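The next block holds one structure in the form of structure tokens; read it before the comments.
Just so it is clear, the structure is predicted and the values come from calculations on it, not from any experiment.
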Amino acid sequence: ALLTEKSAGIRKKIYAVCREITALRKKCGEEFCRRVTEELKTLNIKSAKFEIHFNEYAEEDVVSAGANGLDEICFLFSANAGEPLKPLGKIISGGEMSRFMLAVKTQLSDVNEISTYLFDEIDAGISGKTAKVVGEKFARIAKKTQIIAVSHLAQIAAMSDKEFLIEKSEEEGKTYTRVRALDDGEKSKEIVRLLGGEENEEFALKHAEELVRQAKQYKEAIN
């Protein structure tokens, strides 16, 4: 009887702590959702809505509590005006997911103790002005955390501090992949190729060099 009474008292204390953790999470979650939504709008998802849904729990659920409390959450998302919020994993497209992940990483770059981010074609499905914004967000994250980005977009390549060209070749029936560091001149020629121009085409080369110049100017401005 004494142990049962003691156990009930401990469960009440654990439940109270779990409720405190939930309250803190909800408060921080609202601000996090707001910041991620603002990031998504800059990434050309103008009508983005993002919320975190918390499942309810009762005191009898304390038996399942762990070091992180009792919360079970679900990310809810809507990319288009007039569409209701739905579970993120069920409705988000590939291009939207890329931008959503970038928005989240941008907001968590000061929190996560991660030394390197690897973005494998996170810019898939985007172009133009949005690609430029993605490059700028990469530059901001890279102020504190190294970024390795695999990309086919000229705007992303121009923003890099160092560019590497990955090439595949077939020799004697075998396929080889080679990675080669590019100098400044080679970088501009590769950007020309990404833009769809010819490397000896003067206008295309000037365009590429201007992209690199603007990228360098942006990075210097945020230091």
**Item:** Neighbour count above 12 (heavy atom, 6.0 Å) for Ile222 CD1
**Value:** yes

**Prompt:** Salt-bridged, Glu30 to Arg34, with N to O below 4.0 Å?
**Reply:** no

**Message:** Strictly below 4.0 Å, N to O, side chains only: are Arg213 and Glu210 in salt-bridge contact?
**Reply:** yes

**Cluster link Phe32 to Phe54, ILVMFWY, side chain under 4.5 Å** = yes

**Check ion pair Arg140-Glu39 (N to O, under 4.0 angstrom)** = no

**Item:** SB check Lys12 Glu59 (cutoff 4.0 Å)
**Value:** yes

**Request:** Would you confirm whether Lys219, through its side chain, and Met159, through its main-chain N or O, come within 3.5 Å as a donor-acceptor pair?
**Result:** yes

**Message:** Starting from Leu153, can I reach Leu211 by hopping between I/L/V/M/F/W/Y residues whose side chains sit under 4.5 Å apart?
**Reply:** no

**Prompt:** Once you round to the nearest 0.5 Å, how far does CG of Asp71 lie from CD of Glu56?
**Reply:** 9.5 Å

**Asked** Are there more than 12 heavy atoms of other residues, nucleotides or ligands under 6.0 Å from atom CD of Glu72?
**Response** no

**Asked** Quick one: do Val104 and Phe75 end up in the same hydrophobic cluster if we chain Ile, Leu, Val, Met, Phe, Trp and Tyr together by side-chain heavy atoms under 4.5 Å apart?
**Response** yes

**Request:** Spell out, as yes or no, whether a donor-acceptor pair under 3.5 Å connects the side chain of Lys46 to the backbone of Asn80.
**Result:** no

**Asked** Is there side-chain contact between Ile45 and Glu96, with heavy atoms separated by less than 4.5 Å?
**Response** yes

**Asked** Does a sphere of radius 6.0 Å around CD in Glu5 hold more than 12 heavy atoms from other residues, nucleotides or ligands, not counting ones at 6.0 Å or beyond?
**Response** no

**Asked** Should the heavy atoms of other residues, nucleotides or ligands under 6.0 Å from CG of Asn55 be counted, would the total exceed 12?
**Response** yes

**Request:** Give a yes or no on whether Lys132 atom NZ has more than 12 heavy-atom contacts from other residues, nucleotides or ligands under 6.0 Å away.
**Result:** no

**Item:** Side-chain hydrophobic cluster, 4.5 Å single linkage: members besides Ile166
**Value:** Phe164, Val179

**Message:** Rounded to the nearest 0.5 Å, what separates atom CG in Leu165 from atom CD in Glu190?
**Reply:** 5.0 Å

**Message:** Test of understanding: clusters of I, L, V, M, F, W, Y form through side-chain heavy atoms closer than 4.5 Å, transitively. Do Leu24 and Leu70 belong to the same one?
**Reply:** no

**Message:** Between Leu85 and Leu88, is there shared hydrophobic-cluster membership here, with clusters defined by ILVMFWY side-chain heavy atoms closer than 4.5 Å?
**Reply:** no

**Message:** Quiz question: by atom type and distance under 3.5 Å, do the side chains of Thr145 and Lys105 form a donor-acceptor pair?
**Reply:** no

**Fill in**
Tyr15 meets the ring-ring contact (aromatic ring centres under 6.0 Å, His included) criterion, sequence neighbours left out, with none

**Prompt:** Does a donor on one side chain and an acceptor on the other come within less than 3.5 Å for Tyr57 and Ser64?
**Reply:** no

**Asked** Phe100: what forms a ring-ring contact (aromatic ring centres under 6.0 Å, His included) with it, not counting sequence neighbours?
**Response** Phe50, Phe77

**Message:** Tell me whether Glu38 is salt-bridged to Arg35, with the criterion being a basic N under 4.0 Å from an acidic carboxylate O.
**Reply:** no

